[in-house]
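All heavy atoms count here, side chains included; hydrogens, waters and symmetry mates do not. In what follows, chains are A, B, ... by sequence order, proteins preceding strands, each numbered from 1.
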Protein chains: 2
Amino acid sequence: MKLDQITDGELSILQVLWEEGEATTRKLTTALYEEVTDSKMATVQKLTERLEAKGCVERDRKKRAHRFRPLVSHEQFLHSRLQALADRLCDGTLMPLITTLLQAKGISRSQRKQLRKLTSDLWPTRDTDTKTSK
Amino acid sequence: MKLDQITDGELSILQVLWEEGEATTRKLTTALYEEVTDSKMATVQKLTERLEAKGCVERDRKKRAHRFRPLVSHEQFLHSRLQALADRLCDGTLMPLITTLLQAKGISRSQRKQLRKLTSDLWPTRDTDTKTSK
DNA sequence: ATACAGACAGACACACTGTCTGTATGCATT
DNA sequence: AATGCATACAGACAGTGTGTCTGTCTGTAT
């Protein structure tokens with residue numbers, strides 16, 4: 001599954017599939033283009049064909065109009081992209097990404113709370129504040 | 001400063017500049033290629049020229065051999081890339097990136113500790129565990 | 001039987017990007 | 001001053017990737 005070679009157009013296809021769960025060529029075309037023409041349909045077919053070749057999509061050929069389903073989740077894809085970033089910029093380490101993100105502005109109070117809960121759940125060690133209810 | 005249009009080759013130049021602080025064309029070429037030829041020098045010149053056009057590098061023309069310095073920090077660049085990821089995959093929100101990274105494997109005990117310290121420093125609210133010494 | 005919708009193969013144009021060639025010019029050494 | 005070298009600079013180029021389009025074939029329904 002070649003996640004790093006996913007093209008921008010292919011990604012758009014995947015995003016529709018993530019939202020819809022599965023879709024036909026027509027449904028994809030409708031979602032992605034203003035007007036559905038033969039050539040737009042062909043474009044979508046080419047993109048799904050390439051996605052299938054890359055192992056990111058499966059095709060159900062039972063019916064005339066094939067149904068496509070994603071073989072990669074949104075989370076998997078995001079993780080892959082983050083890892084690629086880390087590989088290129090941080091010797092493969094994820095920590096710099098995390099610290100950069102935490103230092104970024106725009107983390108609201110409720111989001112901080114959410115993060116604290118997440119970390120407590122993930123790493124239930126003794127020195128983590130487990131008695132949040134005081 | 002067009003950080004999103006930085007090419008892979010241009011990024012390699014930037015990385016040397018981040019390490020060295022500043023460099024001449026020759027120094028850059030030596031760092032990036034096994035053997036330094038005229039054409040490789042020209043390649044590096046073209047890349048720095050494009051980087052300058054994109055506002056990511058400044059050039060000191062005082063001496064014959066120009067000296068280049070980065071106008072973007074490694075951190076800035078990383079943040080820009082992360083934001084671009086968020087824009088494309090998460091409606092511009094950074095939180096999904098953070099949660100994905102925290103859930104990723106390979107976060108060691110010491111790194112967790114480091115993260116807890118970072119969050120405490122960043123968000124010194126009353127409900128943050130300030131008395132780590134129990 | 002006819003028409004339509006979709007699959008499929010192939011070609012194509014366009015843009016990007018790293019590379020290379022050729023030329024001009026500043027600087028140092030003699 | 002003359003020579004030679006290192007560098008800057010402009011321009012061209014080829015390879016590649018990518019979205020798009022055309023044309024053809026085939027299954028399905030009316």
Side-chain angles (χ1 to χ4, degrees), chain A residues 1-17 20 22-69 77 80-81 84 88, chain B residues 2-17 20 22-69 77 81 84 88:
Chain A
M1 190 150 38
K2 314 186 174 181
L3 288 185
D4 290 341
Q5 302 170 18
I6 301 299
T7 244
D8 194 65
E10 290 163 1
L11 175 54
S12 298
I13 301 275
L14 273 180
Q15 286 183 307
V16 177
L17 290 179
E20 304 288 339
E22 67 172 33
T24 62
T25 299
R26 173 161 298 273
K27 196 168 178 182
L28 289 168
T29 310
T30 306
L32 294 174
Y33 298 91
E34 302 248 330
E35 45 182 354
V36 177
T37 66
D38 280 358
S39 63
K40 293 305 177 190
M41 292 273 291
T43 298
V44 169
Q45 280 175 1
K46 183 61 74 180
L47 293 177
T48 51
E49 173 189 327
R50 288 173 182 164
L51 275 174
E52 191 184 15
K54 291 172 184 173
C56 300
V57 147
E58 78 175 349
R59 181 196 297 250
D60 177 4
R61 302 171 191 259
K62 275 179 231 161
K63 301 197 174 178
R64 173 99 171 89
H66 298 175
R67 308 190 88 80
F68 298 92
R69 293 166 144 270
F77 187 80
S80 152
R81 283 290 218 255
R88 190 69 177 85
Chain B
K2 315 186 175 181
L3 289 185
D4 289 343
Q5 301 170 19
I6 302 299
T7 243
D8 194 65
E10 291 163 1
L11 175 55
S12 298
I13 302 275
L14 274 179
Q15 286 182 307
V16 177
L17 290 178
E20 305 287 340
E22 66 173 32
T24 62
T25 300
R26 174 161 297 274
K27 196 167 177 181
L28 289 168
T29 310
T30 305
L32 293 174
Y33 299 91
E34 302 248 331
E35 45 183 354
V36 177
T37 66
D38 280 359
S39 64
K40 293 304 177 190
M41 293 272 290
T43 298
V44 169
Q45 281 175 2
K46 183 60 74 180
L47 293 177
T48 52
E49 174 189 327
R50 289 173 182 164
L51 275 173
E52 191 185 13
K54 292 173 184 173
C56 300
V57 147
E58 78 176 348
R59 181 196 296 249
D60 176 6
R61 303 172 190 258
K62 276 178 230 161
K63 301 198 174 178
R64 172 94 172 93
H66 298 176
R67 306 191 90 78
F68 298 92
R69 291 166 146 269
F77 186 80
R81 282 290 217 257
R88 190 70 177 86

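Atoms NE2 and OG1, from A:His66 and A:Thr24 in turn, are 11.0 Å apart once rounded to the nearest 0.5 Å. Considering CZ of A:Phe68 and NZ of A:Lys27, their distance stands at 13.0 Å, rounded to 0.5 Å. Here the straight-line distance linking atom CD of A:Glu52 with atom CD of A:Glu58 works out to 9.0 Å at 0.5 Å rounding.
The shortest side-chain heavy-atom distance between B:Leu17 and B:Leu28 falls under the 4.5 Å cut-off.
Distance alone, capped at 3.5 Å, places no donor-acceptor pair between the A:Lys40 side chain and the A:Tyr33 backbone.
By the side-chain hydrogen bond (donor to acceptor under 3.5 Å, both in side chains) test, B:Glu22 is found to be paired with B:Arg67, B:Arg69, residues two or more places apart in sequence or in another chain being considered. Residues satisfying the side chain to side chain contact (heavy atoms under 4.5 Å, CB included) test with A:Ser12, not counting sequence neighbours, are A:Leu32, B:Arg88. Judged as a side-chain hydrogen bond (donor to acceptor under 3.5 Å, both in side chains), and not counting sequence neighbours, B:Thr7 has no contacts. Taking the side-chain hydrogen bond (donor to acceptor under 3.5 Å, both in side chains) definition, one finds that A:Asp4 meets it with A:Ser80, sequence neighbours left out. Applying the side chain to side chain contact (heavy atoms under 4.5 Å, CB included) test to B:Thr30 and every residue at least two apart in sequence or in another chain returns B:Arg26, B:Val36. By the side chain to side chain contact (heavy atoms under 4.5 Å, CB included) test, A:Glu34 is found to be paired with no residue, residues two or more places apart in sequence or in another chain being considered.
Residues of residues 1-17 of chain A having a heavy atom closer than 4.0 Å to DNA chain C: none are found. For the contact set between residues 42-54 of chain A and DNA chain D, defined by any heavy atom under 4.0 Å, the members are A:Ala42, A:Thr43, A:Lys46, A:Leu47, A:Arg50. Within residues 25-40 of chain B, the residues that have a heavy atom under 4.0 Å from DNA chain C are, in order of number, B:Tyr33, B:Ser39, B:Lys40.
Not a single donor-acceptor pair, N or O on each side, falls under 3.5 Å between the base of D:dT28 and the side chain of A:Arg64.
For DNA chain C, the contact window with chain A, defined by any atom under 4.0 Å from a protein heavy atom, covers C:dA5 to C:dG10 in 5' to 3' order.
Within 6.0 Å of CD on A:Glu35 lie no more than 12 heavy atoms contributed by other residues, nucleotides or ligands. Applying the 6.0 Å contact sphere to CG of B:Asp60 captures more than 12 heavy atoms from other residues, nucleotides or ligands.
With the 3.5 Å cutoff on both pairing distances, Watson-Crick and G-U pairs in DNA chain D assemble into runs of at least 3 at C:1-30 with D:1-30.
Applying the side-chain hydrogen bond (donor to acceptor under 3.5 Å, both in side chains) test to pairs two or more places apart or on separate chains, none has a residue in residues 42-51 of chain A.
Checked against B:Glu10 for a side chain to side chain contact (heavy atoms under 4.5 Å, CB included), the options B:Ile6, B:Asp8, B:Leu14 give a single hit: B:Ile6.
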